[in-house]
Structures are given as structure tokens and as C-alpha cells.
Amino acid sequence: MQPVSRRVALSVGLAAMALSIPVSASAQTPKDSVVVCQTLEPPILDPTGGAAAAIREVTYDNIFETLLAFNGEGRIEPRLAEKIDSSADGLTHTITLRAGVTFHDGTPLTADDVKFSFERAMAPDSKNSQKWIFAPIAGIEARDARTVVITLKSAVGDFVDGLAWADATIFSAKSADKAGTEPVGTGPYQFVRWNRGDRLLLKRNDNYWGKKPAIANATFRFISDPQAQVAALTAGDCDAHTNLSAPEAVPQLRANPNLRVTIGRTEGETIVAMNNGKAPFNNPKVREAISMAIDRAQVNEGAISGFGTLIGTHFSPNHPAYVDLTGAVKYDPAAARKLLAEAGFPNGFSATLRLPPPAYAQRGGEIVAAMLGQIGIKVSIEPVQWAQWLERVYRQRDYDLTIVAHVEPLDINIYARDGYYFGYASEAVKDAVARTKSAKTEAERFTAYRDAQRRITADFANVYLFMLPKITVSRAGLKGMWSNWPVPANPLGQLSWE
Amino acid sequence: MIHRALRHPSFVVGLAITLMVLLIAILAVFWTPHDPTAIRISARLRPPSATNWLGTDQFGRDVFSMLILGARNALLVGIVAVGIGLSIGVALGMVAATGEGSLLDEGIMRVCDFTFAFPAVLTAILILTFLGPGLVNAIIAIGIFNIPVFARIARGAALQVMARDYIRAARAAGRSTPGILARHVLPNITGILIVQASVQFALAILAEAGLSYLGIGTQPPNPSWGRMLNDSQTFLAQAPTLALFPGAAIALAVLGFNMLGDGLRDVLDPKSLER
């Protein structure tokens, strides 16, 4: 470099440094807008068109609304439905819609929209990931503009609760087809623009039927790299991160006076899933050996800095029907090796561990692979992208082992599904799950849930590691971020600046 | 020539570094102070100590053990990938040279030009997207982008040699083209190929580190310098020294092979010294 240009560069650099203080002050977000960062970008924006949690994290209670909705504590409250009257036999549910609700395009919400949305979800070609919600429905009748009557084939205890799920979102027939890319809903925020790979812009819906949100303009930014998340928060590019992927950075962020960190709960049971339908994992002894070879406390510590809550079954400790089965399988590599020998593998075997991108899976996978190596199972790690994971592991069931968090609440019913990617089949569990639906009382339903939990653990269906924590980081002064995730959602209408 | 070599500073330093890396890599085949894959969460992110000479990583693994096993992997990638490039590339280059101007020559060279249009690491990433991540596939990918480099150099050098009188003499004596290539052309272009190979070796190590850094090269638990670098950057705030060691190892190995290549060029081709 020429001396002259070096001097020029130096003075430009110094000028930039001198300017940096006023620049960063003026770059601070005005107080009626917010930039919320999250790890994953939704593949589409229609929550009834895919299982990805990121869709719900962006749209639930922001763009789209449901008849009922989960609040931050996990309780269900009315949203588009003013009230739901259920008949004594549990077969007829009369839903009264809230008055004066319009979609973002001005179309008024009517009973026909509810009928249309549910029939769309029930259609054979629908990609809805929670079709069980609608399975009991025998008929939907739009009695008048504000009244919908749903009749069921048989009484299902938690039918009404299902209407709070994002998969039961209410669309307008006019705009439902475009919901994937240009969503039109009834929520407090309306869609502005989606720059794929970067951010999604929303603005306040000034005709919203409910409480007017404090924030006028909201941006979701998608940052998957853990280090970039920390950098963006520190630099002030993000006003909040919904769930930080870098738990090891928590002490560093806590020391920052501009940021607040809370460690909350999710409904994300993080498991080492085993392909129960494929040899040698179809052998319960092999599955038991694998379960005994994994020290979940160590995985929790090494993968997510110990912020998770250990579990022994596929059920959230936040639920009253939870059974603590963390002691059901003891970490004992010596006994595991013996079991493996009894199962016919004295020298172990080779297996592939397909890992999706999140840090909990990547890091947890490395630890799990090392632990299984201790009992002679040679695990080769294969990182995959989410799209590949969904296609190969979830749809085609082409895998041996994988690590993933199941974030939906009360999702133990997946163990009763035929063709689900676990390849697990148990009449006892199917029966228990059926009883959770048919139960007349809460006590009966909880008993059925407890039976299912004990059964899957006794069958060593999968290895249950921990509940994924929700590490929420927000800028000092920003109020209203959910600290727990009873469902994956970030309702922006509850945010405000102090 | 040996005398001249030993007086050449960058050759001597390069050779010393290369030999050191080589010895460490051979050592790692037989011995590491700890099991480099053994996880001890309770002992994670420890600073350097008497038991763990370079400390432990985020899973409590011994960094020194991982580092020397990483040297073995880096050399393995270099040797095999350059070997692939060298054998296929030189063969293609010499075939092209024998039929200078022919359709075959044009075809081979235009394909080489085409691959040169893409940055090497980008090509490797593209290949790994198809083959899937892993050490073996990374070696293949790096090997593939080495082929055109050697093909072009071999062709150019072979053309120069083939214009010499002794080749015409050999041809007049009735030697076949393959015979001429093997007996007269190849020995005379070895020097330039060795120099290029040592440069490509350094690039291969760098490429493997880069691919592993991106998570598509060597897969855990097999240690790789690139992945160690990526892992450690996450823990920069807690264990700042962790990133230092794999970074230094990559820099040192690449420097060593580059200096060796520079030195070899000067030693094997005295003309470049006179210039």
C-alpha cells in the first residue's frame, strides 16, 4: 500500500471511530418498532401447511388467529370465539364468534370462514400436521353469520383444546390459497414483506378487534448461527432473541447491562429417536442398552450448559399428568455392554446418527456418539439440513438414530400413530392414547396419559434426554416477551417499550 | 544440489516444519497422551495443565491429543487428494500434449479452463453437497479440483520437452509414444510437478480445514483442525486460548509446505535463482 493511501485509510478509520458513538445512538430503534430475532426461518407462512415450529413462531397470534389461543402460561383463552357451548354428551359444540372481526383485506369474519378453514384442514390433500384435531368431526354447520355448530362422531375430551393450536387457524376463503407467501389473517399484525433468508416485516393492524398493540412496526430477523446471534444482540441489531442457540454465552450476555436474559421452559422433549422398525433397533434389548449407555445429565451439561430439565419419558414436567421416570433407566455402561452381548452383539455394531442443524442436536450428537462408542456401538455422525431431515428421517424413515426436540405440547399421541418415523407400535399405547380422547373426566384422561408415559419408557421406545430450555434475551426496556413456550409463539401485541 | 538446498533458508525451514508435522502425524497413529474422543463433561474448557498440555475442549477432550490426530488427518487429506490430482491430472496433461491442437487436447484443456473459472473451495462445497459430508468425500472433492491444476502444468511442461531433439531421436529410433512419455518426458517434468505438488499440498490442508470449519469435511468424533477452530470460536469468551492451537497448527503446516515448495522450486530449477 502507498504511504498516502495508508494515511487516508487511517484517518477514515479514526473518523469512523470518532463518529461511532453518535452513529450507534442515532441507529437505535425508535420506540414504536421492534426487531425480534429468531433462529430458524419459516419455510412457508401457512401454519396449516407444515410442521415447522418457525411458522408458528412468526404467525401465531400475530398474523393469524385461532378460535381459542394459548397464553404465555399455557392456559387456553378465547380468541376469535367469544364462547363455546358444549352439549352434555360432548358431541355438539356451538361456537359463537366475536363480532366486528375483519381480515386484513377488509373481509368480515363469518361462520363460513370457520367451516371453510376446518374443511380445508380435513381435506385428503391437506398438509396439516395435526389432523387428529379434526379427526372426530362429523359435520360443521354455519348456522348464522356468527354461529358455528360442530358435531362429533364420538365424544373426545380434548377436542375443544385442539382449536387453540395454530393448525386450527381461521382463514378467509378469499385469501387462504396465498397463506404460504402472502398471509392474510385477523391478527393484530399484518404482513408487509418477506425478504427470504433475512427478515420478515409486519405492521400493526389498525382495524384490530382487540387491544391495540403498542408496537407499530415489527421485524422478525432469522439468524441461525449461534455466534452471530450473540453478536447481533450485543451490537443492538436485535431487540430480542426468542430462543438463543448459544447457551454458553449466557454468562457473557448477563454481564451486559443493556440486555436481560431469562431461562424458561418449552414443551420441547429432546430425544434420541431410534428407528424401532429397523434391525437392530427393533430389539428391545438393544434399545435398553442404548438407553443405559447415555448419561443424560452429561448430555444436558455438554449440549446446552445444563439449562434443560431432565426427563425420562415423552411428556412435559409442566403438565399435571407428568410422571417422573428419570430414574427408570439408570446410566450403567457396563450393564449396557452386557445387554448388548445378550442381544447378540458382543462386539457392538455400526449405526448412523443423522443430526439436524440446531446446536443442541449437533453437540448432543457428539456426546451421544462418544457414549455409545463406550459400549461398542460405532456411531458415524451425519449432519443434515432441516429439509433433508424432514424428507429422509421424518417422511421416509430412512435412519438409525437421530436427535430432535418435539416442541408441540401434549404430543405423546405420536407414539400411537401408524407410520410415524419412530416405527414404534404398541397396542397398549394406542389404547392409552385412545382413552385420553374418550375420557369423560380429567382424572380418567390423566390416568391414560400416565399409562402411555410408563408404557413407552418400559418399551425403551426412544432415549429421553431433557426438555429444551427457552433462553430469551431482550434489550433492557422491552417488556412482554414470553419467557416460556407452552406453544412456539411470539405474540408481538404484548410487547412494549418502557 | 543437496549442498545448494541446505544453504537455501526457506527450503531448510520448510523442510524442518514439514518433517515435524510428518513425525507428529506418524506419532499420532501409535500414541496420543489421552483418547482424543473420550468425553469428560466435568473437565470441560480446562486451561493448559500438566495432564492436559493444551487444556480441554467444550466436551472435556484433550486438545493436544486432538491436535496431533488432526495432523494425521490433515496429512492424509493432503497426500491422497494431491495423489488423485497428480495421477489423473498428469496423465490427462500428457495425453493432451501428445495430440497438441487435436480435438482431445482442446477438449481436455477447455474442461480444465471451465473448472478454473470456479474457486476451488466453491467447487469442493458443490461436490460435497452431492456426495454428502465426510472425510472421504472431502478428499475426493479436493482431489477433483487438483486434477486440472496438474493437467495444465503437465501439458505445458511436456510440450516443452517434446520439442527437444532427443525426443525426435527417440521417435526416429522407433520408440512408441507411451514409451517416450514414460522414459523421456515424465522424468524431465518431475521437478516442476514436485514443486506444484507441495504448493497443492498446502492448499489441500487449507481446503480440508475450510470444509471442516463449515461442517462438511471431517465429521466428529474424528478430530480436524478446521472443526476445532469452528467449535472453539463459540467458546471464545470462556476459553480464549482454545482457538489459538488449531489456528496455529493450520498456519504452521501451510507455511511449512509453502516454504518447502518455494525452496524446491529454486533448488530444482537453478534458472529461477539467476533471474
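Chain naming here is simple, since letters A, B, ... match the order of the sequence lines and numbering starts at 1 in each. Hydrogens, waters and symmetry mates play no part in the numbers below; they use all other heavy atoms, side chains included.
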- Query: Given the rule in the side-chain contact (heavy atoms from CB on, under 4.5 Å) test, do A:E382 and B:Q219 qualify, once you have shown the distances and angles that lead to the verdict?
  - Reply: CA-CA 7 Å; A:E382 202 186 296; B:Q219 291 304 314; over 6 Å; no
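Counted within 6.0 Å of CD on A:Q385, heavy atoms from surrounding residues, nucleotides or ligands total 12 or fewer; the atom is thus considered open.
Across all non-hydrogen atoms, the minimal contact from A:P383 to B:G215 is CG-O, 3.9 Å. In this structure, B:I41 and A:I367 approach most closely via the heavy-atom pair CD1-CD1, 3.9 Å.
Annotation: salt bridge (Lys or Arg N to Asp or Glu O under 4.0 Å) contacts involving residues 47-66 of chain B, sequence neighbours excluded, comprise A:E366-B:R61, B:D57-B:R61. Judged as a ring-ring contact (aromatic ring centres under 6.0 Å, His included), the pairs with a partner in residues 218-258 of chain B (not counting sequence neighbours) are, in order, B:F201-B:F257.
Scanning residues 245-261 of chain A against chain B with a 4.5 Å heavy-atom cutoff picks out A:E248, A:A249, A:Q252, ordered by number. Residues from residues 299-310 of chain A that place a non-hydrogen atom less than 4.5 Å from a non-hydrogen atom of chain B comprise A:E301, A:G302, A:S305, given in numerical order.
Heavy atoms of B:P220 lying under 4.5 Å from chain A belong to its backbone as well as its side chain.
By the 4.5 Å heavy-atom criterion applied to side chains, A:R363 and B:T234 are counted as neighbours.
Here the straight-line distance linking atom CD of A:Q362 with atom CG of B:D231 works out to 9.5 Å at 0.5 Å rounding.
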